[in-house]
Amino acid sequence: MVHQLSAGSCKRLQNASPDDVDVFESQHTLQFLSIKKVGNNPGAPASAPDRYRIIMSDGINYMQAMLATQLNHMVQDNTIGRNTIAVVEKLTCNYVQEKRLVIILSLRVLELTAEKIGDPSQIGPSEMPAVASPSTGNGPSAPPAQATPEVASPAQAAPAQAAAAPRQQAPPQTRHGNIYPIEGLSPYQNNWTIKARVTQKSEIKTWSNARGEGKLFNVTLMDDSGEIRGTGFNLVVDDLYPRLEEGKVYYISKARVNLAKKKFSNINNDYELSFERNTEVEECHEVTNVPTIKYNFVPLNGLEDLSKDAICDVIAVVKETSPVTQITSAKLQRELAKRELTLVDKSGFSVRMTLWGKQAEQYNVSEPTPVIAFKGVKVGDFGGRSLSMFSGSTMQVNPEIDECFALRGWYDNIGAEQTFKAHSNTGGGSSMYGFKREEIRSLDEIKQAGYGEPDKPENFSARATIMHIKSDNISYPACPTTNCNKKVVEMGDSWRCEKCNQNFPTPEHRYIMSLAVADYSGQAWLQGFNDVGTTIFGMTANQLLEIKDRDINEYNAILHKANCNTYNFSCRAKQDTYNETTRIRYGISRIIPLNYKEEAQMLRDLLYSPWAR
DNA sequence: CCCCCCCC
């Protein structure tokens, strides 16, 4: 495959000012001549991500760029390498100390390993046109940049241009300097300003532990590129807490960019901000391009498809509001304010939403049945399904969005008179008949655990694939009386049930089957009864036996076709003695075909929710 | 530097 490099891209990138969106957000087909890991700052924490410097060529020139750390995996899993040709789709640029740094934010590989194209040369200082505001130019006498430990030295690649005229290329001197997308922030950039909306502000929290005590608050900041969490500690709380207001937009600069501990936040960013004493915050009144909260609403009837502890957004009419009550949390050893809202929506379901602490106390909506949009709330299983706000969750009363208008119209017309279904503990979702998705165990684990000791049957959940079904004896003739299911014996031209003391012209065949199933860890034999067979074969045992009598090949084909299908199982391990041999038998109490949407959502929730496991 | 998200 022959790819055409974007001749001239290096020059354009080299000369672009950081707000030159046309250059940084257009597509450049480039070849990576080298990718090299560079050292971290001496002061960087051990957990700091690796940083990679890329020498990239447009066939005519080459230049250096840094790979945004969120793309590090591409180097580590060899998605990119030496001589890779890729479309660089998004870049950014900023100044670290006096040095200009181009950072690759997004790329798409065209060819992993190609021949080197052309004979590109380094862009020299002579090719750097004078640009930008002459008023800010320091001229050629500007002190050359020091190679700082903060940034990889570009020595091999392009020593000259980085130091040559950095000031000439400085961004337009707005009062707030270089406006940066949140997505582009990373620890090796220190001269940025973001323009972001505070979408959430926590209350002031205090702590006291072995390492000391103090207070802190968090905000969630959002712009059109992404979101990031910011935290202020102690003295900074006094300064910034009153100045940052939910919903308003601010210019923020000179905060520290740290690695986020994902475990503790559902915010989609590898980094978080730490507000320092010198952090600058100024409200922005020209609010353009700063999105308000984006929602991904789940209707209330859809909550049963989410697993417990999933995080979701909902919009609903608040039909009832409880007063604030104080509960005593055993866990926290203190009192805690709580308020319950009853939410309803067009799906005809109602669900309870719990607010805690400040959010419970400060809930202050005068109208009786507002529409409220909630973001980042936690799904619980109390009463089938419940919802709960985190301190990081947000709510918007009567937001100016279509979903809100639609709900308002529906409720005022018909919804107010409707009765609503509550979620129940049975059926659907993760509460189905003992199957616990979050407690799935491997077959090997079950065997190792020795479940099913004498008189101690154990229930467990498993996900396994059918490998083989014993075909010789797949069913038994049973009493057709509802809920009897006892084996009947053939007596002349009828079938007798001893339990019911009755004879029947024909029995009802019921499945009794042994399945060999396997998962990644090993295999096991599971015993299944009637519902297992009807689930697996999609027909009753009577129907299957009829096929077996008519055409043994078709019967064998049906059994064969059942193999290689994966199910969720609720099982019961029980010790069993038969013919003086004791063994553990695994009975299937429920077989559940995989719901791929639900399985995928579970995986998604694992990624998004630090509390889902 | 927190990192708990609670109760019934």
Side-chain angles (χ1 to χ4, degrees), chain A residues 43 45-47 187 200-220 228-241 255-277 279 308-312 320-342 350-363 374-395 422-425 431 605 608-613:
Chain A
S47 58
Q200 182 272 141
K201 181 171 85 164
S202 75
E203 56 194 303
I204 295 171
K205 289 173 270 190
T206 57
W207 83 90
S208 172
N209 61 28
R211 284 185 297 269
E213 56 186 54
K215 62 182 175 182
L216 72 119
F217 78 106
N218 310 105
V219 290
T220 306
I228 193 165
R229 186 163 88 145
T231 305
F233 290 96
N234 302 322
L235 289 171
V236 173
V237 177
D238 301 332
D239 178 25
L240 292 185
Y241 191 78
R256 217 170 57 212
V257 183
N258 292 326
L259 218 82
K261 288 161 205 139
K262 301 293 264 186
K263 199 176 122 190
F264 301 125
S265 167
N266 58 332
I267 287 174
N268 183 24
N269 201 312
D270 288 343
Y271 303 111
E272 59 187 26
L273 298 179
S274 176
F275 301 138
E276 307 294 316
R277 291 309 308 278
T279 292
K308 175 171 148 57
D309 295 341
I311 291 175
C312 67
E320 285 164 41
T321 309
S322 82
V324 180
T325 57
Q326 297 293 327
I327 59 120
T328 304
S329 162
K331 203 164 180 174
L332 295 180
Q333 299 276 314
R334 64 174 169 89
E335 291 252 293
L336 186 65
K338 181 183 96 156
R339 190 194 295 269
E340 307 280 8
L341 310 180
T342 304
S350 72
V351 69
R352 199 173 78 177
M353 166 74 79
T354 308
L355 278 56
W356 302 97
K358 179 188 84 164
Q359 289 168 327
E361 285 162 356
Q362 296 182 355
Y363 178 89
F374 296 88
K375 177 149 191 79
V377 295
K378 192 181 82 155
V379 177
D381 60 2
F382 187 76
R385 276 291 176 271
S386 59
L387 292 169
S388 174
M389 283 187 83
F390 290 119
S391 63
S393 311
T394 59
M395 48 179 267
H423 287 279
S424 67
N425 279 313
S431 53
D605 293 340
Y608 282 150
S609 164
W611 299 284
R613 27 165 280 122

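Hydrogens, waters and symmetry mates play no part in the numbers below; they use all other heavy atoms, side chains included. Labels below follow one simple rule: chain letters A, B, ... track the order of the sequence lines, proteins then strands, and each chain is numbered from 1.
One can place CZ of A/F390 at 8 Å from P of B/dC5, the figure rounded to the nearest angstrom. Per the geometry, CD belonging to A/Q200 stands 16 Å off P belonging to B/dC5, to the nearest Å. Taking atom NZ of residue A/K358 and atom C1' of nucleotide B/dC4, one finds them 16 Å apart after rounding to whole Å.
Using a 4.0 Å cut-off, no side-chain N or O of A/K338 falls inside it from OP1 or OP2 of B/dC5. Look at A/K378 and you won't find any side-chain N or O under 4.0 angstrom from OP1 or OP2 of B/dC4. Contact between the side-chain N/O atoms of A/R211 and the OP1/OP2 oxygens of B/dC2 is found at a separation under 4.0 Å.
Side-chain contact between A/V219 and A/R229 is absent, with no heavy-atom pair separated by less than 4.5 Å. A 4.5 Å side-chain heavy-atom check between A/M395 and A/L355 finds at least one atom pair inside the cut-off.
Between the side chain of A/R334 and the base of B/dC6, no donor-acceptor pair of N or O atoms lies under 3.5 Å. For A/E335 against B/dC7, a side-chain-to-base donor-acceptor contact under 3.5 Å is absent. Judged by distance alone with a 3.5 Å cut-off, a donor-acceptor contact links the side chain of A/R229 to the base of B/dC3.
Within the 4.0 angstrom heavy-atom criterion, no nucleotide atom of any strand lies near A/R256. Within the 4.0 angstrom heavy-atom criterion, no nucleotide atom of any strand lies near A/T325. Here A/E203 lies out of heavy-atom contact (under 4.0 Å) with every strand.
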Worked verdict on A/K205 versus A/E203 for salt bridge (charged side-chain N to carboxylate O under 4.0 Å, His left out):
CA-CA 6 Å; A/K205 289 173 270 190; A/E203 56 194 303; over 6 Å; no

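Under the stacking criterion of a centre-to-centre distance below 5.5 angstrom and an interplanar angle below 30°, A/W356 is not stacked against the six-membered ring of B/dC5.
The nearest heavy atom of DNA chain B to A/S329 and to A/T206 marks one nucleotide each, and the one closer to the 5' end goes with A/T206.
Proximity note for A/S391 (side chain, C-beta onward) versus B/dC2, B/dC5, B/dC7: the nearest is B/dC5. Considering only side-chain atoms of A/K205, the nucleotide from B/dC5, B/dC7, B/dC4 that sits closest is B/dC4. Ranking B/dC2, B/dC8, B/dC7 by closeness to the A/F382 side chain, first place goes to B/dC8.
Separation of atoms CD (A/E276) and CG (A/D239) is listed at 12.0 Å; rounding is to 0.5 Å.
A donor-acceptor pair is defined here as one N or O able to donate and one able to accept, closer than 3.5 Å; such a pair exists between the side chain of A/S202 and the backbone of A/N218.
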